[in-house]
Amino acid sequence: GAGKTSVVSPLLALMLAEGSRLVCLVVPQALIMLSRSVMQNAFSTVVQKRVSTFKCDRSLDLEVNLSARIARVCSQGDIMLSTPGDVKS
C-alpha cells in the first residue's frame with residue numbers, strides 16, 4: 001500500500017484529536033483489527049491516546065452509557081474506530 005493505514009491515519013488522528021471534537025476513523029471491516037493495532041502502537045509511547053471501537057448492530061441493544069463513552073473519547077482527545085456498517089446502523 002501507500003501507507004494510508006500506517007502513516008496517514010495516525011498523523012491525521014494526532015492532528016485532529018485535541019479534545020474539542022470526536023475523531024472517528026471509519027475503515028472497512030477487513031481492516032478494523034489491523035487499524036486498531038496500528039493506532040494502539042502509534043499512540044502507546046510518546047503521545048498516549050486510547051483507541052476505542054464503536055460497534056453497532058440493529059439486532060443488539062445499544063450500550064446504555066454510549067453517549068458518556070463518546071463524550072469521554074472526545075474530551076480526552078482519544079480516537080474511535082468504526083466500520084461503515086456500524087456507522088450506518
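What you see below is based on every heavy atom in this structure, not just the backbone, and it leaves out hydrogens, waters and symmetry mates. All figures in this text were calculated on a predicted structure; none of them were measured in a lab.
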Are [X] and [Y] packed together at the side-chain level, in the sense that at least one heavy-atom pair is separated by less than 4.5 angstrom?
{"X": "Leu16", "Y": "Arg21", "result": "yes"}
{"X": "Phe54", "Y": "Leu81", "result": "no"}
{"X": "Leu66", "Y": "Ile70", "result": "yes"}
{"X": "Pro10", "Y": "Leu12", "result": "no"}
{"X": "Val23", "Y": "Glu18", "result": "no"}
{"X": "Val73", "Y": "Ile79", "result": "no"}

Candidate pair Asp78 and Arg72, rule side-chain contact (heavy atoms from CB on, under 4.5 Å), full reasoning: CA-CA 8 Å; Asp78 292 336; Arg72 180 191 51 79; 3.7 Å; yes
Between CD on residue Gln29 and OG on residue Ser82, distance to nearest 0.5 Å: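 It is 9.0 Å, given to the nearest 0.5 Å.
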Atom pair CG/OG of Leu31 and Ser37 - distance to nearest 0.5 Å: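 Reported to 0.5 Å precision, the distance equals 12.0 Å.
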Evaluation steps, side-chain contact (heavy atoms from CB on, under 4.5 Å), between Arg36 and Thr53: CA-CA 8 Å; Arg36 183 175 177 82; Thr53 303; 2.7 Å; yes
Same apolar cluster (I L V M F W Y, side chains within < 4.5 Å links), Val46/Met39: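 Cluster IDs for Val46 and Met39 match.
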Single-linkage hydrophobic cluster, 4.5 Å side-chain cutoff, Val27 and Met33 together: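 Yes.
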Any pair counted as salt bridge (charged side-chain N to carboxylate O under 4.0 Å, His left out), so long as it reaches residues 79-89, sequence neighbours left out: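 Every salt bridge (charged side-chain N to carboxylate O under 4.0 Å, His left out) pair that includes a residue of residues 79-89, provided the two are not neighbours, is Lys55-Asp86.
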Flag, side chain of Ser35 to backbone of Ile32, donor-acceptor distance under 3.5 Å: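 No, Ser35 side chain to Ile32 backbone: no donor-acceptor pair under 3.5 Å.
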Side-chain donor/acceptor of Lys49 to backbone N/O of Ala17, under 3.5 Å: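 A pair under 3.5 Å: yes.
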Taking all atoms of both residues into account, what is the closest heavy-atom pair of [X] and [Y], and its distance?
{"X": "Ser9", "Y": "Leu25", "value": "CB-CD1, 4.4 Å"}
{"X": "Pro84", "Y": "Val26", "value": "N-CG1, 3.5 Å"}
{"X": "Val38", "Y": "Ser6", "value": "CG1-CA, 3.7 Å"}

